[in-house]
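Please read the structure below before turning to the comments.
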Amino acid sequence: MYRTHNCGELNKKHCNSIVKLSGWVHSIRLMKKITFIDLRDFYGITQLLIPTIKINIKKEYVIQIIGKVVKRKFPNFNINTGDIEIYVKKIKILNKSIKIPIDINKEYNKNKVKLFKYRYIYLRNLNLKNNLIIKSKILNIIRKFFIINNFLEIETPLLVKSTSEGARNFIVLYRKKLGYYYSLPQSPQTFKQLLMIGGIDKYYQIVKCFRDEDARKDRQPEFLQLDLEMSFINRKNIFNIIIKLIKYLLYKIHKIKFINIKILSYKNIIKKYNTEKPDLRYKVYELNNNKFKYNINNKFLNYKIYGLILPNYFNIVGINKDVIINLLKNKINKILLYNYKNNIINKLDNKVFNKIKLIKELINKEFFSNKDLLLFLILKKNKYYKTIKNKINNFLLKSKYLNNIYIPIIIYKFPLFKYKNGKYYSYHHPFTKPYNNKLKNNLADSYDLIINGIEVGSGSIRIDNSKMQNKVFKILGLSNNKIKKEFSFFLKSLKFGTPPHGGIGIGIDRLILSLLNKNNIIDFIAFPKNYLNKDLMIKTPSKIKNIKI
RNA sequence: GGUUUGGUAGUUCAAAUUGGUUAGAAUACGUGCCUGUCACGCACGAGGCUACGGGUUCAAAUCCCGUCCAAACCGCCA
């Protein structure tokens with residue numbers, strides 16, 4: 001037996017009992033006649049008192065000790081086991097460690113190459129460990145939710161067929177015949193639709209998906225997705241499930257009981273925020289430029305007015321208007337803060353003010369609430385505009401006031417197609433049903449889930465009619481030959497009595513980022529790839545030498 | 001694929017007078033000291049071909065070119 005207790009559980013109640021502990025040597029403090037060791041395992045840290053200084057033990061050695069739990073003279077309130085220490089009677093070295101090439105207690109921001117290379121050591125970092133614990137918890141909560149709601153968990157293949165739409169696919173060589181390959185799935189899209197056709201009513205899966213695109217801090221080439229699909233439902237039914245899930249998660253993680261999840265149309269979102277994924281807590285957005293870029297003719301010749309909106313600004317406890325003014329003091333010539341209750345917060349001279357009035361009239365009132373702050377910046381050069389935007393964003397991001405605010409929104413009524421370089425592309429994906437089943441309005445029955453400005457998931461009601469599906473493929477410019485080659489089985493499957501169905505795919509890692517107010521996805525992945533999609537630890541991708549058939 | 005910034009002790013970072021003495025600190029490491037530390041403290045020591053290769057120069061960490069690597073952004077991400 002390696003241990004009777006772990007390093008995080010002993011307290012006053014265990015005093016005088018003999019215990020056996022195993023773990024890593026976290027730190028060593030030598031005094032004149034005694035030595036203190038912080039012994040660390042997954043569960044915590046326990047202080048060992050060794051009544052000698054002649055020990056041959058270094059940091060990160062794995063040791064096992066037997067000793068007596070005693071009350072400390074001077075408790076340490078920073079750790080759970082701070083009331084006690086172990087008076088060690090016997091030490092055994094289970095395994096030695098060579099010098100550690102990275103500092104496991106430090107946060108690394110630049111030059112992360114060592115972190116990738118020695119990821120297995122950095123897993124001992126407290127923050128990273130806690131991140132993995134919370135990710136595991138969230139996965140459990142999600143599974144529990146879908147069990148309660150009678151979803152069936154079904155796995156789908158990872159060796160699949162490449163299709164011409166979408167991101168680049170990773171390919172896997174086929175051993176039996178040269179020149180043939182499998183493709184790793186970007187999502188289980190086709191298979192989950194086939195499950196619906198097969199009569200599975202509610203399906204979900206937590207599944208690895210693969211996209212061969214360059215990584216970002218919220219993007220990895222392989223990632224976890226919560227995939228779900230339901231039959232005999234319309235968009236409102238799906239919205240209800242999504243809302244229920246998010247509320248369940250926010251309650252289980254943060255004990256937040258009341259939350260209002262808004263459903264907004266794509267058109268209005270773009271008009272108001274000029275982005276597809278607004279962060280309604282605080283983020284600064286450029287008001288639609290056509291309306292708000294004005295040259296002022298007389299005194300302010302060459303100056304331009306930029307409008308910004310800080311949604312819900314006045315809901316944020318602890319921030320007042322002066323904070324923003326102070327923040328921008330030296331950067332710009334004039335600031336005008338404006339709130340829809342018609343409060344002009346600081347004064348400008350009349351000529352400028354008249355221009356602002358003009359702008360005011362152009363704003364469609366329905367978009368703004370009296371909790372929004374409108375900010376007009378009068379600037380000489382437009383390069384300052386981005387600096388200011390970033391400055392405000394960074395400031396608000398760092399401020400503690402936002403820590404417990406979550407504003408999930410569902411955006412719907414996206415365009416069905418976008419036109420680029422003389423070609424039509426699906427805005428969502430080619431299986432999306434047109435809004436009201438009509439192609440002519442170019443609206444899709446698709447929806448995105450955005451939490452605090454992070455695009456967490458997107459989904460749609462699917463086309464359940466073979467003719468419609470064929471039509472959409474043709475609009476997308478797929479030749480008859482290609483349709484036949486890539487989708488003939490699928491078009492055929494739709495003819496055998498397809499139920500109306502739809503679903504959503506939610507990026508688990510992004511969901512976690514949004515629910516925990518974090519920004520880098522690799523902090524929640526045990527073994528991430530770097531921005532070139534390489535794994536610097538196992539050194540992959542690697543070169544092919546011989547392909548044997 | 002593109003743009004920008006960067007690569008300096010094991011680690012995290014400085015600095016180097018627009019190219020000119022011996023490239024520093026903290027921490028980690030080693031040795032010694034210190035009855036109670038817990039970010040222990042004190043003293044001493046060891047640690048660098050300034051990413052790699054080439055060029056300019058009396059002289060390069062510094063300027064130039066190339067390669068490799070990293071970060072942010074863009075492209076891309078149905």
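Chain letters run A, B, ... following the sequence lines, proteins first, then strands; residues in each count from 1.
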Name the nucleic acid region contacted by [X], choosing base, sugar-phosphate or nothing; use a 4.0 angstrom heavy-atom cut-off, strictly under.
X	value
A/Leu536	sugar-phosphate
A/Lys534	sugar-phosphate
A/Leu49	base
A/Asn530	sugar-phosphate
A/Ile45	nothing
A/Phe210	nothing
A/Thr432	nothing
A/Glu60	nothing

Gap between atoms [atom1] and [atom2], on [X] and [N] respectively (whole Å):
X	N	atom1	atom2	result
A/Ile121	B/U11	CD1	P	12 Å
A/Asn105	B/U12	CG	P	14 Å
A/Asn76	B/A39	CG	P	6 Å
A/Tyr122	B/G10	OH	C1'	16 Å
A/Gln186	B/C76	CD	C1'	12 Å
A/Ile37	B/G36	CD1	C1'	15 Å
A/Lys33	B/C33	NZ	C1'	14 Å
A/Lys539	B/C68	NZ	P	17 Å

Can you tell me, in whole Å, how much space there is between the [atom1] of [N] and that of [M]?
N	M	atom1	value
B/G45	B/U50	C1'	23 Å
B/C42	B/U37	C1'	14 Å
B/G10	B/G47	C1'	8 Å
B/C74	B/U27	C1'	38 Å
B/U8	B/C13	C1'	10 Å
B/G54	B/C49	C1'	16 Å
B/C69	B/U31	P	39 Å
B/G24	B/A9	P	14 Å

Closest to the [X] side chain: [options]?
X	options	result
A/Glu213	B/C77, B/G1, B/C38	B/C77
A/Phe74	B/G10, B/G36, B/A39	B/G36
A/Lys99	B/C77, B/G10, B/C74	B/G10
A/Asp103	B/U37, B/C38, B/U11	B/U11

Under 3.5 Å for both donor-acceptor distances, Watson-Crick or wobble: does [N] have a partner, and if so which one?
N	result
B/U18	none
B/G1	B/C74
B/A60	none
B/U31	B/A43
B/C49	none
B/G6	B/C69

Exercise. Who passes side-chain hydrogen bond (donor to acceptor under 3.5 Å, both in side chains) against A/Asp535, sequence neighbours left out?
Worked result: none

Over 12 non-hydrogen atoms of neighbours within 6.0 angstrom of [atom1] in [X]:
X	atom1	value
A/Tyr424	OH	no
A/Asn56	CG	no
A/Ile538	CD1	yes
A/Phe489	CZ	yes
A/Lys485	NZ	no

Exercise. Does A/Lys58 put a side-chain nitrogen or oxygen below 4.0 Å from OP1 or OP2 of B/G30?
Worked result: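 Yes, because at least one side-chain N or O of A/Lys58 sits under 4.0 Å from OP1 or OP2 of B/G30.
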
Exercise. Do the side-chain N or O atoms of A/Arg29 get closer than 4.0 angstrom to the phosphate oxygens (OP1, OP2) of B/U37?
Worked result: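 Answer is no, no contact under 4.0 Å.
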
When only distance counts, do a donor and an acceptor, one from the side chain of [X] and one from the base of [N], lie under 3.5 Å apart?
X	N	result
A/Glu85	B/G36	yes
A/Arg211	B/C77	no
A/Arg168	B/G1	no

For this session: Measure from the ring center of A/Phe473 to the ring center of A/Phe490 and say whether it is less than 6.0 Å.
Result: no

For this session: Answer yes or no for A/Lys68 and A/Tyr87: cation-pi contact, defined as NZ/CZ to six-membered ring centre under 6.0 Å and angle to ring axis within 45°.
Result: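 Checked: cation-pi criterion not met.
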
Exercise. Does a salt bridge link A/Asp227 with A/Lys192, judged by any charged N lying under 4.0 Å from a carboxylate O?
Worked result: yes

Problem set entry | Nearest-nucleotide comparison on RNA chain B, the residue closer to the 5′ end among A/Lys217 and A/Ser458 |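 Upstream on the strand: A/Lys217.
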
Problem set entry | Residue whose nearest RNA chain B nucleotide is more 5′ - A/Lys59 or A/Gln47 |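 That would be A/Lys59.
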
Exercise. How should the glycosidic conformation of B/G36 be described, syn or anti, under the criterion that syn lies within 90° of 0?
Worked result: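 That one's anti.
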
